[in-house]
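The next block holds one structure in the form of structure tokens; read it before the comments.
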Amino acid sequence: MYYVNRDQIARRLHAVPEVAEALRHAVQAWDGGLVLGMVQERCLHLAIEIVTDVGSYLIDGFIMRDASSYDDIIQINYEEKVFDESTYEALRELVLLRKPLVQDYYSWQREALHPLSSILPEILEQFSSQVSTYVEKELGPFQGNEGQGTE
């Protein structure tokens, strides 16, 4: 029997709509300024954390092979058919941004709209839906919002 921490997965998936909304706003109102540059930067970082946290919970819960990197988390979940190929390709590109965003933040180009920013809201929503479908297929009904309203 698997122990999949559905509550923690749901908590992270619950953050997807806010990140998607903020990214859509940043793209629509893009002016190359500092505030929207920082909004974009934080949204990209949160998106990375969401997909890698959820991916790690799935790897641990379903006893998939161990991941050796952030990219590996995405690859393992793709190999296990958690999400489709187009989602996989975008998420691989996303996780490659972790080092520049977290470690090399001082040289991040905040004045430039990153190409992922315009497609990422839809990708995150697909990711959330595909994860929920996968968990439901493997374990039964999954709302994807069990973590709402809990501390």
Side-chain angles (χ1 to χ4, degrees), residues 1-24 26-27 37-110 112-151:
M1 183 68 170
Y2 297 119
Y3 173 71
V4 178
N5 195 333
R6 295 168 86 156
D7 181 59
Q8 290 301 317
I9 292 170
R11 286 175 185 234
R12 280 144 182 87
L13 293 180
H14 182 65
V16 165
E18 289 179 341
V19 172
E21 179 183 345
L23 264 176
R24 283 186 175 110
V27 168
M38 296 292 273
V39 168
Q40 172 187 233
E41 186 175 347
R42 180 64 174 153
C43 287
L44 291 170
H45 181 208
L46 286 173
I48 293 165
E49 297 306 315
I50 290 167
V51 301
T52 57
D53 284 355
V54 169
S56 292
Y57 279 115
L58 293 172
I59 288 169
D60 292 346
F62 288 108
I63 313 169
M64 300 173 185
R65 75 172 170 86
D66 288 337
S68 61
S69 66
Y70 290 101
D71 185 55
D72 209 20
I73 292 169
I74 302 307
Q75 184 176 350
I76 292 166
N77 278 268
Y78 171 66
E79 289 169 358
E80 294 290 333
K81 301 186 179 358
V82 174
F83 40 77
D84 64 27
E85 187 172 0
S86 64
T87 302
Y88 167 66
E89 293 299 332
L91 295 180
R92 282 193 74 204
E93 189 177 339
L94 175 67
V95 298
L96 292 175
L97 296 178
R98 189 171 194 284
K99 185 176 189 272
L101 286 167
V102 175
Q103 295 177 6
D104 302 329
Y105 56 86
Y106 49 85
S107 61
W108 180 261
Q109 300 296 314
R110 289 181 185 92
L113 184 63
H114 193 278
L116 272 179
S117 293
S118 60
I119 65 166
L120 195 56
E122 183 178 326
I123 296 297
L124 289 174
E125 291 162 352
Q126 289 171 359
F127 169 79
S128 182
S129 175
Q130 291 171 12
V131 166
S132 295
T133 299
Y134 179 83
V135 171
E136 199 167 291
K137 181 184 86 172
E138 297 295 323
L139 301 176
F142 179 65
Q143 269 63 51
N145 63 359
E146 283 97 4
Q148 282 184 269
T150 59
E151 294 297 317

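Worth saying up front: this structure is predicted, and the values here are computed from it rather than measured.
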Taking only residues two or more places apart in sequence, or in another chain, which ones meet D66 in a salt bridge (Lys or Arg N to Asp or Glu O under 4.0 Å)? none

Could you tell me the separation between the CG atom of L96 and the CG atom of L101, rounded to the nearest 0.5 Å? 11.0 Å

Please report the C-alpha distance between I9 and N5 in whole Å, then the side-chain angles of each, then the deciding distance to 0.1 Å, and finally whether the side chain to side chain contact (heavy atoms under 4.5 Å, CB included) criterion is met. CA-CA 6 Å; I9 292 170; N5 195 333; 5.6 Å; no

Any donor-acceptor pair under 3.5 Å from T133 side chain to S129 backbone: yes

Applying side-chain contact (heavy atoms from CB on, under 4.5 Å), can you list everything that pairs with R65, at least two apart in sequence or on another chain? D72, Q75, I76, E79

Sorted by chain and residue number, the side-chain contact (heavy atoms from CB on, under 4.5 Å) partners of A20 (sequence neighbours excluded) come out as R24, P121, E125

Heavy-atom closest contact (F127 atom, L91 atom, distance): CD1-CD1, 3.6 Å

For D84, enumerate each residue passing the side-chain hydrogen bond (donor to acceptor under 3.5 Å, both in side chains) test, keeping only those at least two apart in sequence or located in another chain. S86, T87, Q130

Are more than 12 heavy atoms from other residues, nucleotides or ligands located less than 6.0 Å from atom CD of E89? yes

Do L58 and V54 make a side-chain contact, defined as non-hydrogen atoms from C-beta onward lying under 4.5 Å apart? yes

Keeping E18 on the side-chain end and V16 on the backbone end, is there a donor-acceptor pair under 3.5 Å? no

Checking E122 now: which residues fulfil side-chain hydrogen bond (donor to acceptor under 3.5 Å, both in side chains) with it, not counting sequence neighbours? Q126

Can you list everything that forms a salt bridge (Lys or Arg N to Asp or Glu O under 4.0 Å) with K137? Sequence neighbours excluded, please. none

Residues in ring pair (Phe, Tyr, Trp, His ring centres under 6.0 Å) with Y134, at least two apart? F62

Without placing hydrogens or testing angles, list every side-chain donor-acceptor pair under 3.5 Å for residues 39-49, not counting sequence neighbours.
from : atom 1 : to   : atom 2 : distance (Å)
Q40  : OE1    : H114 : N      : 2.7
Q40  : OE1    : S117 : OG     : 2.7
Q40  : NE2    : A112 : O      : 3.1
E41  : OE1    : R110 : NE     : 2.5
E41  : OE1    : R110 : NH2    : 3.4
E41  : OE2    : R110 : NH2    : 3.3
R42  : NH1    : H45  : ND1    : 3.3
H45  : NE2    : E49  : OE2    : 3.4
E49  : OE2    : R98  : NE     : 2.9
E49  : OE2    : R98  : NH2    : 3.3

Can you tell me how far CG of D60 sits from CE of M64, rounded to the nearest 0.5 angstrom? 9.5 Å

Using salt bridge (Lys or Arg N to Asp or Glu O under 4.0 Å) as the criterion, list what pairs up with D71, not counting sequence neighbours. R92

Would you say Y70 and V51 make side-chain contact, with heavy atoms under 4.5 Å? no

Please name the pair of heavy atoms, one in I50 and one in A15, separated by the smallest distance, quoted to 0.1 Å. CD1-CB, 3.9 Å

Tell me, with the steps shown, if R12 and V131 meet side chain to side chain contact (heavy atoms under 4.5 Å, CB included). CA-CA 11 Å; R12 280 144 182 87; V131 166; over 6 Å; no

Is any side-chain heavy atom of E93 less than 4.5 Å from a side-chain heavy atom of I123? no

Can you list everything that forms a salt bridge (Lys or Arg N to Asp or Glu O under 4.0 Å) with E80? Sequence neighbours excluded, please. none

Using the ring pair (Phe, Tyr, Trp, His ring centres under 6.0 Å) criterion, which residues pair with Y88? Sequence neighbours excluded. Y78

Of all heavy-atom pairs linking A67 and I73, the shortest is CB-CG1, 3.6 Å

